[in-house]
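Step one of this worksheet: look at the structure below.
Convention: sequence-line order gives letters A, B, ...; per-chain numbering from 1.
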Amino acid sequence: MRRPLRAGAVAARRPGGRLGARPQARAGARLLRTDDVRGHGGRSRRAGRDRGRRALRRPARPDRRSGDLGHRFRVRRRAAPDRPRGGRPRTRGSTLGCGLARRVRDADRSGGRGRRPPDRPPPARAGTPGRTRRGAQREEPDAKGRQARGRACPADRRGGDRREAGDAARHAGEAGPEARGGHGPGGGGSRRRRGGDTMTTEETTQIATEPLGDWRRDTNCGGPRLEHVGREVTAMGWVATRRDHGGIVFIDLRDRTGILQVVFDPDDSPDAHRRAHGLRSEWVIAVRGRIAARPAETVNPDLPTGQVELRVSELRVLGSSRALPFALDDEDQTNENVRLKHRYLDLRRPRLTHNLLSRHRATSAVRRYLDEQGFVELETPILTRSTPEGARDYLVPSRVNPGSVYALPQSPQIFKQILMVAGFERYYQVCRCFRDEDLRADRQPEFTQVDLEMSFVGQEDVLRLTEGLLVAGASAIGAPVPETPFPRMTYHEATTRFGTDRPDTRFGLELVELSDLMRESKARILAEVVARGGIVSGIVADDGARLSRRELDELVAWVQTLGAGGLAWIRANEDGWQSPLAKFFDEGERERVCERTGLRTGGVLFLVAGPRKHAQSVLGQLRLRLAQMLGKIPEGRWNYLWVTEFPLLEENAEAKRLVAVHHPFTSPFEEDLDKLETEPESVRALAYDVVLNGTELGGGSIRIHRPEVQARVFRALGIDPQQQRDQFGFLLDALSFGAPPHGGLALGLDRLCMLWLGENSIRDVIAFPKTQRAADPMSDAPAPPAPGQLRELGLRPV
RNA sequence: GGGGUCGUAGCUCAGCUGGUUAGAGCGCCGGCCUGUCACGCCGGAGGUCGCGAGUUCGAGCCUCGUCGGCCCCGCCA
């Protein structure tokens with residue numbers, strides 16, 4: 001709970017992606033619809049050859065690129081045989097003429113070329129540095145035979161080729177690409193930007209495509225089956241792959257529902273077949289034709305639509321595409337920056353399409369569930385007021401109030417409580433939250449919470465309701481449905497047994513405390529810690545002897561990076577203990593340690609000594625790492641868990657004072673109230689977190705609705721009345737006008753979807769996520785303000 | 001704020017102890033191909049080795065700085 005629910009997103013708010021496909025009253029149109037890409041061909045297409053490889057895709061395999069325990073699991077693309085694309089249209093002048101295709105591609109190339117000064121006359125500067133020089137050098141020895149052809153000037157190579165091909169139409173675009181390429185004058189400007197490969201409107205409008213006209217889609221690509229054979233249909237989508245045999249052309253047509261093989265056969269339509277040669281990846285086309293059964297030997301069992309194909313009688317090119325910056329392949333390993341820059345392409349990959357569609361389904365199921373439970377969806381302000389403590393705020397200056405700022409909400413916490421005072425009784429919102437903190441794989445600067453609050457309830461009610469919500473969401477998204485009620489564990493138990501307040505209970509490796517045994521130990525390094533009030537605690541890995549000496553040393557080094565004093569290990573070999581500490585333990589001590597920890601031959605005991613909280617936290621992290629190293633994390637387990645009885649307050653080391661573990665409005669246990677002034681840190685809170693496989697999904701609390709209790713908590717926190725009024729005055733005001741008992745919780749929707757979908761990064765379930773530096777490579781946000789903007793806001797750069 | 005790791009063709013990568021003209025696969029372009037589905041075959045183009053300094057006779061490789069991606073610690077009531 002004190003950890004924010006990092007997770008965020010966009011798609012959730014969309015009511016539900018309708019495509020252009022209008023549910024026309026065409027006969028049978030609905031029959032051919034499916035609603036999702038699951039089992040989509042993009043993935044299954046290759047199943048035949050790839051089954052083995054893909055089977056490896058999900059299970060934890062460390063990412064080669066991150067020296068860490070592997071959060072991203074990708075497979076390197078296997079080298080494939082060369083398979084150039086063939087076929088250009090043999091006839092010019094059709095709307096799909098090659099001139100068109102060429103222009104698109106040329107524009108791309110010149111753009112991608114980067115830094116060449118846009119206005120350089122190609123032949124004149126053949127001596128300038130860079131590739132030109134290279135080319136020139138190469139030219140001399142090579143100026144014989146076919147190599148010399150078209151290479152008078154490297155910069156003009158393409159031009160030469162083009163003229164050779166003698167296509168007048170292409171010349172139309174010729175000056176263009178050269179002149180256009182990428183960078184502005186001097187290539188300066190936005191240096192670190194994507195630069196050269198962004199097209200202008202002028203360029204894109206040169207690409208001739210056909211209007212939709214009166215064509216309307218009446219089938220989805222994922223829909224057609226044997227029962228539809230014979231039907232005349234119109235399908236629209238993207239060219240996923242093209243297999244051009246010259247005499248016959250196959251296209252895998254993709255829309256969000258799946259993949260359909262369409263066949264261009266001259267026997268069906270010479271015109272469509274001829275023009276099909278010019279199609280390229282990711283062009284948007286519309287095809288009309290008849291659904292036909294595939295010849296038996298050509299059925300593709302890996303494709304849901306694999307028994308049929310669409311034999312095309314008519315083709316319309318609705319949109320063309322430049323050459324892609326990366327392969328739209330679920331297993332593609334392209335650098336995330338490149339993918340984010342072209343997120344619209346990335347999102348076409350079936351996996352991401354599926355993720356976002358699934359997320360939509362989960363979100364709408366959650367809405368349905370809460371609606372059924374009597375909840376009201378209400379919105380709270382985005383431009384709001386900064387509150388003290390917590391994460392850093394994103395600030396928005398106010399033009400009409402110079403010098404004042406709004407803050408974007410870290411969560412709608414105060415507003416949702418006020419809605420309870422306002423009498424709505426049950427509120428929820430799928431809302432965006434903003435926190436200006438450093439990012440992680442499961443944290444974004446803006447993320448989405450399912451936020452809810454209820455009146456006249458106790459903790460039990462919120463927990464039960466949340467369990468129902470998670471059941472509804474999990475079933476909608478296709479994840480295993482959890483059994484309810486979830487197991488419960490107190491904060492004390494969680495930190496003692498697992499070293500964390502969000503335990504992963506899928507495996508053992510639990511912590512064992514040895515402080516009492518070490519008090520008299522000759523290992524002074526341990527004994528002294530106990531003497532100072534710290535603890536010695538350990539974890540036994542019963543098959544830890546599998547770890548090499550080197551791995552053990554690496555663990556020691558790693559633990560040090562966590563800020564721990566150190567990590568000691570004791571390896572129980574056949575012939576006794578092997579350990580840097582072995583000499584400090586006599587036979588009796590060894591026996592007692594083994595008895596306590598269960599250490600047996602073949603096992604390794606890891607020991608950490610230090611202040612209780614710190615030592616536990618280090619062991620908690622070590623526990624996760626050991627589980628990964630030793631392969632102890634079972635796949636397919638979904639351990640949902642409630643952690644309850646959090647402490648109300650804790651010491652903040654930096655500020656040297658007590659701070660709220662959850663937030664200052666969290667209700668203490670009634671029976672602990674007496675200790676608020678005497679032993680504040682032992683007061684338990686009516687706060688709870690829900691945890692799945694070691695990840696915090698969300699948390700909440702029963703709030704304080706009695707002003708006198710609130711006053712005591714503020715006092716314990718050292719917040720004086722003046723500060724109270726300044727910082728939370730409006731909430732305290734509200735609570736003073738008849739506040740119902742209330743409580744609620746917030747779930748990180750993005751994280752939830754990430755786990756449910758088996759993803760390892762929150763970015764894969766967010767339509768437009770940001771990088772670790774909170775930037776969006778696509779829109780280039782954030783960006784410096786325009787001249788005048790700051791002045792208007794009354795701001796000056798520091 | 002700190003640690004790790006990466007940055008070489010559009011993409012993914014190789015590049016030996018510093019040494020001649022920086023390679024591969026995919027993609028792209030051209031040609032051929034009527035049952036493919038990661039189609040195939042033949043040919044071709046494509047590189048400021050992230051950027052800037054330095055060391056050196058010589059730097060993709062060494063040093064320093066810097067920018068950027070990812071992972072982690074701190075942080076995230």
Value in whole Å for how far the [atom2] atom of [N] lies from [atom1] of [X]:
X      : N      : atom1 : atom2 : result
A/L624 : B/rC71 : CG    : P     : 17 Å
A/D244 : B/rU36 : CG    : P     : 14 Å
A/L303 : B/rG35 : CG    : C1'   : 15 Å
A/D346 : B/rU12 : CG    : P     : 12 Å
A/D265 : B/rU36 : CG    : P     : 14 Å
A/R339 : B/rG7  : CZ    : P     : 19 Å
A/D780 : B/rG68 : CG    : P     : 12 Å
A/R443 : B/rG74 : CZ    : P     : 9 Å

Rounding to an integer number of angstrom, what distance separates [N] and [M] when you compare their [atom1] atoms?
N      : M      : atom1 : result
B/rC62 : B/rG69 : P     : 23 Å
B/rC32 : B/rG23 : P     : 31 Å
B/rC75 : B/rC67 : C1'   : 24 Å
B/rG68 : B/rG52 : P     : 16 Å
B/rU48 : B/rU55 : P     : 26 Å
B/rG60 : B/rG2  : P     : 31 Å
B/rU17 : B/rC73 : C1'   : 37 Å
B/rA9  : B/rG58 : P     : 26 Å

Considering only heavy atoms and no angle criterion, is a donor-acceptor pair shorter than 3.5 Å present between the side chain of [X] and the base of [N]?
X      : N      : value
A/R440 : B/rG74 : yes
A/Q772 : B/rG68 : no
A/D252 : B/rC37 : no

In Å, rounded to the nearest 0.5 Å, how long is the span from [atom1] of [X] to [atom2] of [Y]?
X      : Y      : atom1 : atom2 : value
A/D265 : A/H273 : CG    : NE2   : 7.0 Å
A/I719 : A/F714 : CD1   : CZ    : 5.5 Å
A/E651 : A/E681 : CD    : CD    : 5.5 Å
A/N300 : A/T305 : CG    : OG1   : 8.0 Å

If you check the [X] side chain, which of [options] turns out closest?
X      : options                : answer
A/N335 : B/rU12, B/rC37, B/rC73 : B/rU12
A/S281 : B/rU34, B/rC28, B/rC71 : B/rC28
A/Q261 : B/rU34, B/rU36, B/rC11 : B/rU36
A/T298 : B/rG35, B/rG69, B/rC76 : B/rG35
A/E437 : B/rU34, B/rC72, B/rC75 : B/rC75
A/R392 : B/rC75, B/rC72, B/rC76 : B/rC75
A/D267 : B/rU34, B/rG1, B/rC37  : B/rU34
A/R243 : B/rC37, B/rC70, B/rC75 : B/rC37

> With no hydrogens and no angle check, do the side chains of A/Q449 and A/R751 hold a donor and an acceptor under 3.5 Å apart?
Replying inline: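 Side chains of A/Q449 and A/R751: no pair found under 3.5 Å.
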>> Just to be sure I understand the rule, does A/R294 reach a base, reach only the sugar-phosphate, or reach nothing, if contact means heavy atoms closer than 4.0 Å?
In response: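 Here A/R294 touches the bases of the nucleic acid.
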>> For a quick check of understanding: with a heavy-atom distance under 4.0 Å over all strands, which category does A/E297 fall into, base, sugar-phosphate or nothing?
In response: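 No contact.
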> A/F250 vs A/H245 aromatic rings, parallel, tilted or perpendicular, using cut-offs 30° and 60°?
Replying inline: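 Correct class here is perpendicular.
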What is the pairing partner of [N], taking Watson-Crick or G-U wobble pairs with both distances under 3.5 Å in any strand?
N      : answer
B/rC13 : B/rG23
B/rC62 : B/rG54
B/rC37 : none
B/rU5  : B/rG69
B/rG30 : B/rC42

> Considering residues at least two apart in sequence or located in another chain, which fulfil the side-chain contact (heavy atoms from CB on, under 4.5 Å) criterion with A/F415?
Replying inline: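 By the side-chain contact (heavy atoms from CB on, under 4.5 Å) rule, A/F415 matches A/T380, A/P381, A/T384.
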> Ring of A/F326 versus six-membered ring of B/rC11: centres under 5.5 Å and planes under 30°?
Replying inline: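 No.
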>> With the criterion set at under 5.5 Å between ring centres and under 30 degrees between planes, would B/rC39 be stacked on A/H245?
In response: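 Aromatic stack with B/rC39 present for A/H245.
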Taking 4.0 Å as the cut-off, does a side-chain nitrogen or oxygen of [X] come that near to OP1 or OP2 on [N]?
X      : N      : value
A/R763 : B/rC71 : yes
A/T771 : B/rG69 : yes
A/R773 : B/rC67 : no

> Which sits closer to the 5' end of RNA chain B, A/V263 or A/S617, going by the nucleotide each is nearest to?
Replying inline: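 In this pair, the answer is A/V263.
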> Closer to the 5' end of RNA chain B via nearest nucleotide, is it A/R311 or A/F665?
Replying inline: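 First, find each residue's nearest nucleotide; the 5'-ward one identifies A/R311.
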> Can you name the side chain to side chain donor-acceptor pair (under 3.5 Å) partners of A/Q724, sequence neighbours left out?
Replying inline: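 In terms of side chain to side chain donor-acceptor pair (under 3.5 Å), with neighbours along the sequence ignored, A/Q724 is linked to no residue.
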> Okay, side chain of A/R242, backbone of A/V249: is any donor-acceptor separation there less than 3.5 Å?
Replying inline: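 Pair absent, no side-chain N/O of A/R242 close to backbone of A/V249.
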